[in-house]
Amino acid sequence: MAVGADGIRPDFTGSWVVSLTVGPFDAFMREVGFSYLDRCAASVLSYGVGRMTNEVTQSGDEIGVVSWSPKGTFTVMLRIDGSEQETVDPLEGRPIRVVLAWEALVVDAGAAPVPALVTRGRRLDVDEHLPESSRFLHGEEMCLQQTSPSGLVVRRYFKRQ
């Protein structure tokens, strides 16, 4: 669970709303199995900008996230200890198995790595890999970066409410 030389782990506690999205969201969503209608709806809703929220609580090696999107409200409470845990996908509510760990992540070419909470997992209903998710702080914003199996990267930047 090494994060870096300084061992600093960010605290994501707070209420957040998506303020900016970056990356090929339609192609990403198509690759990970969203229908044409879901992709069109997401595009019309600017992929959650000003709408999608995360309410995060964090204490020690536990994190809780209440996510709201047009698909519903989903609550997860997970351990950040490298163990497999069953929960629900925060966007779709589908059953998933995930592993969370702190890692040093290079988010901008040539920049120093930042501490990130990385989530890897699988959908249990169809036994498919989930996109890898990395949550980190970028200035005053929280960023949720997702990487598809083929390497497409999308980011949602959240501002505190």
Side-chain angles (χ1 to χ4, degrees), residues 10-58 63-78 80 85 87-103 105-111 113-161:
D11 185 356
F12 302 114
T13 300
S15 297
W16 303 86
V17 63
V18 174
S19 59
L20 174 70
T21 59
V22 177
F25 269 87
D26 185 69
F28 176 88
M29 291 178 71
R30 184 178 330 112
E31 181 179 334
V32 299
F34 283 87
S35 72
Y36 174 76
L37 289 177
D38 283 342
R39 296 192 324 268
C40 287
S43 176
V44 166
L45 296 173
S46 302
Y47 301 105
V49 172
R51 293 175 175 87
M52 180 181 274
T53 61
N54 278 190
E55 179 74 33
V56 182
T57 56
Q58 188 176 337
I63 189 165
V65 180
V66 179
S67 301
W68 182 91
S69 75
K71 288 255 187 182
T73 300
F74 302 101
T75 303
V76 297
M77 196 66 163
L78 299 164
I80 309 166
Q85 303 162 74
T87 187
V88 295
D89 182 313
L91 288 178
E92 300 181 273
R94 294 166 65 181
I96 59 175
R97 181 173 292 130
V98 296
V99 174
L100 282 73
W102 292 107
E103 295 184 14
L105 182 71
V106 175
V107 296
D108 294 310
V114 298
L117 179 56
V118 178
T119 305
R120 294 178 180 90
R122 298 183 70 77
R123 289 188 179 94
L124 295 179
D125 55 349
V126 291
D127 195 34
E128 294 175 342
H129 283 285
L130 289 168
E132 181 177 292
S133 295
S134 302
R135 188 180 298 262
F136 56 90
L137 293 178
H138 189 264
E140 295 295 313
E141 295 179 310
M142 176 177 70
C143 181
L144 182 60
Q145 174 178 291
Q146 292 183 289
T147 305
S148 74
S150 76
L152 293 174
V153 176
V154 295
R155 291 182 178 174
R156 284 189 178 91
Y157 289 89
F158 293 76
K159 288 191 177 197
R160 288 190 189 274
Q161 290 185 299

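Under the side chain to side chain donor-acceptor pair (under 3.5 Å) criterion, Thr87 pairs with no residue at all, not counting sequence neighbours. Phe25 meets the ring-ring contact (aromatic ring centres under 6.0 Å, His included) test with Tyr47; sequence neighbours excluded. Checked against side chain to side chain donor-acceptor pair (under 3.5 Å), Thr73 has no partners two or more places apart in sequence or in another chain.
Residues Glu141 and Arg155 are not paired through a salt bridge, judged by the lack of any N-O separation under 4.0 Å between the basic side chain and the carboxylate.
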(request) Could you walk me through whether Val88 and Val76 pass the side-chain contact (heavy atoms from CB on, under 4.5 Å) test, one step at a time? (result) CA-CA 7 Å; Val88 295; Val76 297; 4.2 Å; yes

(message) Pair Leu130, Arg123 - check side-chain contact (heavy atoms from CB on, under 4.5 Å), show working.
(response) CA-CA 6 Å; Leu130 289 168; Arg123 289 188 179 94; 3.6 Å; yes

(request) Might you work through the side-chain contact (heavy atoms from CB on, under 4.5 Å) test for Asp108 and His138, ending with a clear yes or no? (result) CA-CA 10 Å; Asp108 294 310; His138 189 264; 3.8 Å; yes

(request) Give the intermediate values and the outcome of side-chain contact (heavy atoms from CB on, under 4.5 Å) for residues Gln146 and Val32. (result) CA-CA 11 Å; Gln146 292 183 289; Val32 299; over 6 Å; no

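A donor-acceptor distance shorter than 3.5 angstrom exists from the side chain of Ser19 to the backbone of Tyr157, with no hydrogens or angles considered. Looking only at distances, a side-chain donor or acceptor of Arg39 sits under 3.5 Å from a matching main-chain atom of Phe34. With hydrogens and angles ignored, the 3.5 Å screen pairs a side-chain donor or acceptor of Gln58 with a backbone N or O of Pro10.
The OG1 atom of Thr147 sits 9.0 Å away from atom CG of Leu152, with the distance rounded to the nearest 0.5 Å. Within the model, atoms CH2 of Trp68 and CD of Glu55 stand 14.5 Å from one another, a figure rounded to the nearest 0.5 Å. Within the model, atoms CZ of Phe158 and CG of Leu144 stand 5.5 Å from one another, a figure rounded to the nearest 0.5 Å.
When each of Asp127, Asp89, Asp125 is tested with Arg94 by the rule salt bridge (charged side-chain N to carboxylate O under 4.0 Å, His left out), just one qualifies, namely Asp125.
Using modelled atom types and a 3.5 Å distance limit, the side chains of Thr53 and Gln161 yield no donor-acceptor pair. When only modelled atom types and interatomic distance are considered, Asn54 and Arg156 share no side-chain donor-acceptor pair under 3.5 Å.
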